[in-house]
Amino acid sequence: MKRLLLILALAGSTFNSFAQTEDELKAAKASKNDSIAAIQGRVDAIQAQIDALPGWKVGAFGTIGGSFSGFNNWYAQETPNNSAGTIGFTVNGFANRDEPKYFWRNALTLNLNWVKFDDKDDPNDQNGFRQATDVFNISTLYGWKLSEKFAISGLAEYRTTILSNFNDPGYLDLGVGATWTPVKDLFVVIHPLNYNFVFSSGDSVFESSFGAKIVADYSKELGPINFKTNLSLFASYESSDLSNWTWTNSFSYTLWKKIGIGFDFGLRDNKQEALNYALTTLGDPNATFDNIDNNLQTYYTLGLSYKF
């Protein structure tokens, strides 16, 4: 009986000692976390001071996505012998300069994707990679500050595809007006004097016109998170059929060093492109602005991200 009591006493002492040690370690860990948070806060404050300094700020982040698959004698599907794959990437780059009297913002967006599906039982099947997504956009915005939040500005923005039909069509917006910067990472461009040049080859439905240009861009970096959203809208004064808008979004989260996960998606509405597609690709000779299906254009890319 005495031995049993002694064993229970030793066990209780060991448990209490272990529990005490665990509590002490947790308390020590909590204090270290508080210290790390304080250090990170000071680092963030210094970085904010660096970001506020005048001069050029240059950077980029992007997404790389891809998948490959192969099947042999997989009879449960319609094409039992095939190989398939997708590959693509997105780059969002910027070069900005912010001075007390003026600012100059330059941006580049590039999104390219290829896809392939090879039916090994069909000798006439195309087995190479084909273009899937093709987006190229470059812009430059210069503003002379009237106040901390308002500026007189001029914008040049060019959009096209580059893989198979470069500048066919291509869009160049040139305009002047005002830019509003309500917060540091957001700017809104309102240019009532803007001309939308549309370039295309041969006889086509594309037509240049005079109108208003509106751009809203928000970019933010919060630790491992990079986010950018951009809305570019042209409203033609001649006809709503000549208007168009594009909304692109990019998100990346850094997991290790400069590598993480990224997601990009875009929306677009352009009635001239819809009519041109109906006439040239679908071969509908009766297609007009009034009877075509102007469906919303979309794309997305999901994959690894890299912060340059």
Side-chain angles (χ1 to χ4, degrees), residues 37 40-53 55-66 86-98 103-113 133-141 143 148-149 151 153 155 157-159 179-190 213-233 245-269 296-308:
Q40 187 62 50
R42 293 195 293 270
V43 171
D44 293 341
I46 295 173
Q47 185 62 50
Q49 293 177 357
I50 294 174
D51 295 338
L53 293 174
W56 286 103
K57 301 294 188 299
V58 180
F61 69 97
T63 301
I64 301 174
T86 61
I87 187 171
F89 65 91
T90 301
V91 176
N92 296 280
F94 66 88
N96 301 328
R97 186 178 183 90
D98 193 359
F103 63 80
W104 189 10
R105 306 179 66 97
N106 303 276
L108 167 69
T109 298
L110 179 64
N111 188 315
L112 303 177
N113 280 268
T133 304
D134 189 357
V135 178
F136 177 82
N137 185 299
I138 188 169
S139 65
T140 181
L141 173 68
E148 182 180 350
K149 296 184 177 181
S153 57
L155 171 70
E157 182 185 63
Y158 178 68
R159 305 185 310 280
T179 296
W180 176 44
T181 53
V183 294
K184 175 185 174 183
D185 302 301
L186 171 66
F187 68 89
V188 180
V189 177
I190 304 174
K213 184 73 173 180
I214 298 175
V215 176
D217 187 282
Y218 182 75
S219 302
K220 190 68 176 179
E221 180 177 352
L222 295 171
I225 299 175
N226 280 276
F227 177 76
K228 176 181 175 64
T229 181
N230 178 278
L231 173 64
S232 179
L233 182 149
W245 60 266
T246 303
W247 182 31
T248 58
N249 301 269
S250 297
F251 171 86
S252 70
Y253 185 86
T254 304
L255 298 173
W256 178 71
K257 292 186 177 181
K258 295 185 178 183
I259 300 175
I261 57 174
F263 179 67
D264 297 83
F265 74 93
L267 306 175
R268 183 171 175 81
D269 181 90
L296 182 66
Q297 304 175 41
T298 66
Y299 74 82
Y300 70 88
T301 302
L302 175 65
L304 295 177
S305 67
Y306 186 83
K307 181 181 178 183
F308 299 90

Notebook entry, point to check: Asp185 side chain to Lys220 main-chain N or O, any donor-acceptor pair under 3.5 Å?
Noted result: no

Checklist line | Atom pair OG1/CZ of Thr229 and Phe251 - distance to nearest 0.5 Å | finding: 13.0 Å

Notebook entry, point to check: Using a distance-only test with no angle check, is there a side-chain donor-acceptor pair under 3.5 angstrom linking Ser219 and Asp217?
Noted result: yes

Notebook entry, point to check: Do the non-hydrogen side-chain atoms of Thr248 and Ser250 ever get within less than 4.5 Å of each other?
Noted result: no

Check: Where do Asn113 and Thr86 land on the side chain to side chain contact (heavy atoms under 4.5 Å, CB included) test, with the steps shown first?
Finding: CA-CA 7 Å; Asn113 280 268; Thr86 61; over 6 Å; no

Notebook entry, point to check: When rounded to the nearest 0.5 angstrom, what is the spacing between CZ in Phe136 and CG in Leu112?
Noted result: 10.0 Å

Checklist line | Spacing of CD1 belonging to Ile190 relative to CG belonging to Leu155, to within rounding of 0.5 Å | finding: 12.5 Å

Notebook entry, point to check: For Leu267, what residues pass the side-chain contact (heavy atoms from CB on, under 4.5 Å) criterion, not counting sequence neighbours?
Noted result: Trp245, Trp247, Leu296, Thr298

Checklist line | Set of residues satisfying side-chain contact (heavy atoms from CB on, under 4.5 Å) with respect to Phe263, sequence neighbours excluded | finding: Phe265, Tyr300, Leu302

Check: So which of Ile138, Thr140, Leu141 actually passes side-chain contact (heavy atoms from CB on, under 4.5 Å) with Asn106?
Finding: Thr140

Next item on the list: Report the residues that fulfil side-chain contact (heavy atoms from CB on, under 4.5 Å) with Asn96, sequence neighbours left out, ordered by chain and then residue number.
Entry: Phe94, Arg105

Check: Roughly how far, to the nearest 0.5 Å, is the CD atom of Glu221 from the OG atom of Ser252?
Finding: 8.5 Å

